[in-house]
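What follows is one structure encoded as structure tokens, with my remarks underneath.
Chain naming here is simple, since letters A, B, ... match the order of the sequence lines and numbering starts at 1 in each.
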Protein chains: 4
Amino acid sequence: MARQKSDEKRSAILQAAIRVIDRQGLGAATAKIAAEAGVSNGSLFTYFPTKADLLNDLYLEIKSDMAGELMQGLPDDGPFQDRLRHAWGNWMDWASAHPARRHAMAQLMVSDEISAATRAKADAIAAPLGAFLDEIRTGGPLRDMPIGLAMRLIDGVVTATMDAVLAEPAKAPALRAAGFDAFWRLVRG
Amino acid sequence: MARQKSDEKRSAILQAAIRVIDRQGLGAATAKIAAEAGVSNGSLFTYFPTKADLLNDLYLEIKSDMAGELMQGLPDDGPFQDRLRHAWGNWMDWASAHPARRHAMAQLMVSDEISAATRAKADAIAAPLGAFLDEIRTGGPLRDMPIGLAMRLIDGVVTATMDAVLAEPAKAPALRAAGFDAFWRLVRG
Amino acid sequence: MARQKSDEKRSAILQAAIRVIDRQGLGAATAKIAAEAGVSNGSLFTYFPTKADLLNDLYLEIKSDMAGELMQGLPDDGPFQDRLRHAWGNWMDWASAHPARRHAMAQLMVSDEISAATRAKADAIAAPLGAFLDEIRTGGPLRDMPIGLAMRLIDGVVTATMDAVLAEPAKAPALRAAGFDAFWRLVRG
Amino acid sequence: MARQKSDEKRSAILQAAIRVIDRQGLGAATAKIAAEAGVSNGSLFTYFPTKADLLNDLYLEIKSDMAGELMQGLPDDGPFQDRLRHAWGNWMDWASAHPARRHAMAQLMVSDEISAATRAKADAIAAPLGAFLDEIRTGGPLRDMPIGLAMRLIDGVVTATMDAVLAEPAKAPALRAAGFDAFWRLVRG
DNA sequence: GATGAATGAGCCTTCATTCAT
DNA sequence: AATGAATGAAGGCTCATTCAT
């Protein structure tokens, strides 16, 4: 047989894309991404046929990475507020630990290159969060709200806090706490 | 005088940019924008020295347009909740009436082309809202929150509702109402 | 107004294309053609939106050039054989004077880039030859032959002689004469 | 022995090349040819060190295939016209049976990739035809003509008829007959 | 020998910006 | 000031060829 496509290489390209997009935006050259990944520009296209494919896969990658982190060490029971606070902490930790991912994600979120199919797939990936999300909604005022709006509101508050933290890392603890209070008011207030 | 005509052309370019960016994203060609504005590609550069300048000015334009609409017919006094609800309605009306502006804005918000100076200037433009914003904050739980976070949270909730409305225009009234309830809980809950 | 597209520049590109294709074949780079024409690579695309367009226009250009030369100084009457011999001489003169055109043409003839529409247009351009061609056919054994075959046969004999002349320019006179004899036998033999 | 398998593979590549070139021209990717041959792209290069080699070998292959078919069942004696007509029929049969080969050949004929050495070798391969060709020439008006021109003329008439037949297969019998008459006039008229 | 991933030069085309008219 | 052709640096992608497995 011949050399097989390596997951490490694929992953290296994706990680390089995050760094380069963080610096240069979605207009970043594929050649730059390949170089950052330590791969020839031609190789990038054996892993991602198209720049759009790379972007779509990157979106999925970041989303599932974030979703995974979010549930990290989340207790199955206990007071709802405690569990929510735990998830909130995970969320903020993720953003603090990976500012480039958060920045790249922010751009991918509004990009026209990301297809509807990819967005649908991303929702499916985040399914594990579904049960938790249901608990968030059903137990409070978001109960009767269309799910699309509920998700957007939650995302809005989370994102706002993350960005505030990233803008002023020094004040992270206070911002996290204040953000959580706002979040709590939104979902249980 | 000779300036009048220029302002019209400048404005035509800005409006054309909104439409083209709505369709093609920030990567849209200046030539396409010029064509949509009914202007030669060369002329675009007599009004905006570089594409980045165009984008920055566009950001300012949309932001001030939105800010202007927001205060439209806003009573100086009366119950706070009524006035807030009025402003909320204006906000949603603006998004519903100008989906392309909202979409272009969403992309400009995360773009690296928009300078810090421009973002600062935009805040200044929105100054008239400052007093109102102060009232929103000081009268409730946002009181002790860093202003950066407060603004981001408000923007997050507004944006979430706008996008939900634009995604499902048929359900606009219910979404507006539900969004306002969430907003209210955030600022006064 | 602005600079207008210049026919000279368009023509320079076409002539450069002939020279470069003669040397490097149809795979020649557009950048090389532009350089040979003394024009920036970008400019080539303001005159020909696509490489395929350039090739198609080139085909038309050479064909009409050749057709024009063919009728040069052709007497309207007189013995048929004399007129045919005159035309034959023009044909060979053209090939001898413009070997690169002939070589480029040979490649364009068999290229898949040349559309059916272009080939049809080329036939229309050569229409002036139509009357003469009719006279060639109707007065001899080609009379009852499908026109498609007749044209191909004539072209085959002409091309064969041209190529023999280009391969051994030193023997041009003898080759021309022998070729004409063969041609004559074909159409009147 | 170990060679047997190799010859099959080599042949498969050559046949695949014919099909792919017929469809996509000489610019066809070696990878596409390999795929069509059911072989890995790397393997193609163990049989043909470069694409140019593949093309040159293909030229030889088609030429010798055609030459072989041409003499098929050709009687050693009998009236010259009968034998020539038989050969003519073989020629047309070949083109009708293998349009892709004919099309690929037409492109190889004018390609710069085919070396002078290859063209010489091709003539050598067609040597069996040499005696017959001599008979064609010496018995008629082509007698005193440079051999290069004679071969080109014969090829021109044959090719013209083949292409007419391939363009309108429905009229094949009439075209073949008319083509032969023209051929006869050329060589014996 | 066979395989197919890896390489990187090169290609066509686009586009922001400049400049002749 | 307006126009649109001219410019040339990129950019995404392809492909012949090499090489690890």
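For E:dA2, one of the phosphate oxygens OP1 or OP2 lies less than 4.0 angstrom from a side-chain nitrogen or oxygen of D:Tyr47. Remark: A:Ser40 is in phosphate contact with E:dT7, judged by side-chain N or O atoms under 4.0 Å from OP1 or OP2. Side-chain N/O atoms of B:Thr46 include one lying less than 4.0 angstrom from OP1 or OP2 on F:dA2. Within the 4.0 Å cut-off from OP1 or OP2 of E:dA2, at least one side-chain nitrogen or oxygen of D:Lys9 is found.
One atom, NZ of B:Lys32, and another, P of E:dT13, lie 16 Å apart when rounded to the nearest Å. Whole-Å rounding puts the A:Asp53 CG to F:dT14 P distance at 11 Å. Remark: C1' of F:dA10 and NZ of A:Lys51 are 12 Å apart, rounded to the nearest angstrom. In this entry the distance linking CZ of A:Phe45 with C1' of F:dC15 reads 13 Å, nearest Å. For the pair C:Gln4 CD and F:dA6 C1', the interatomic distance rounds to 13 Å; values are reported in whole Å. D:Leu55 has its CG atom 11 Å from the P atom of F:dT17, to the nearest Å. Between B:Ile13 atom CD1 and E:dT17 atom P the separation is 14 Å, expressed in whole Å. We find that CZ of C:Phe48 is positioned 15 Å from C1' of F:dA5, with the value rounded to whole Å.
The residue B:Ala28 sits close only to the backbone: its heavy atoms come under 4.0 Å of sugar-phosphate atoms, none of a base. B:Thr50 comes within 4.0 angstrom of sugar-phosphate atoms only, judged by non-hydrogen atoms across all strands, and of no base.
Pair check for F:dA6 finds E:dT17; Watson-Crick or G-U wobble, both atom distances under 3.5 Å. Using Watson-Crick or G-U wobble geometry with both donor-acceptor distances under 3.5 Å, F:dT14 finds its partner in E:dA9.
At a threshold of 4.5 Å between non-hydrogen side-chain atoms, the residues C:Ile21 and C:Leu58 count as touching.
Mapping B:Gly42 and A:Lys5 onto DNA chain E by nearest heavy atom places A:Lys5 at the nucleotide closer to the 5' end. Take the nearest nucleotide of DNA chain E for C:Leu26 and for D:Ser43: the residue whose nucleotide is more 5' is D:Ser43. The residue among A:Pro49 and B:Gly38 whose nearest nucleotide of DNA chain F lies closer to the 5′ end is B:Gly38.
Between the base of F:dA2 and the side chain of B:Asn41 there is no donor-acceptor pair shorter than 3.5 Å.
The two atoms that bring A:Ile125 and A:Ser64 nearest to each other are CG2-CB, 3.3 Å, heavy atoms only. For B:Arg119 against B:Ser111, the heavy-atom pair with the smallest separation is NH2-O, 3.0 Å.
From B:Gln15, atom CD reaches atom CD of B:Glu8 across 12.5 Å, with rounding to the nearest 0.5 Å. Atom-to-atom distance recorded for B:Leu108:CG and B:Leu60:CG is 10.5 Å, nearest 0.5 angstrom.
The side chain of C:Thr30 has E:dC12 as its nearest neighbour among F:dA16, E:dT7, E:dC12.
A:Lys5 contributes a side-chain N or O that, together with a main-chain N or O of A:Thr46, makes up a donor-acceptor pair within less than 3.5 Å.
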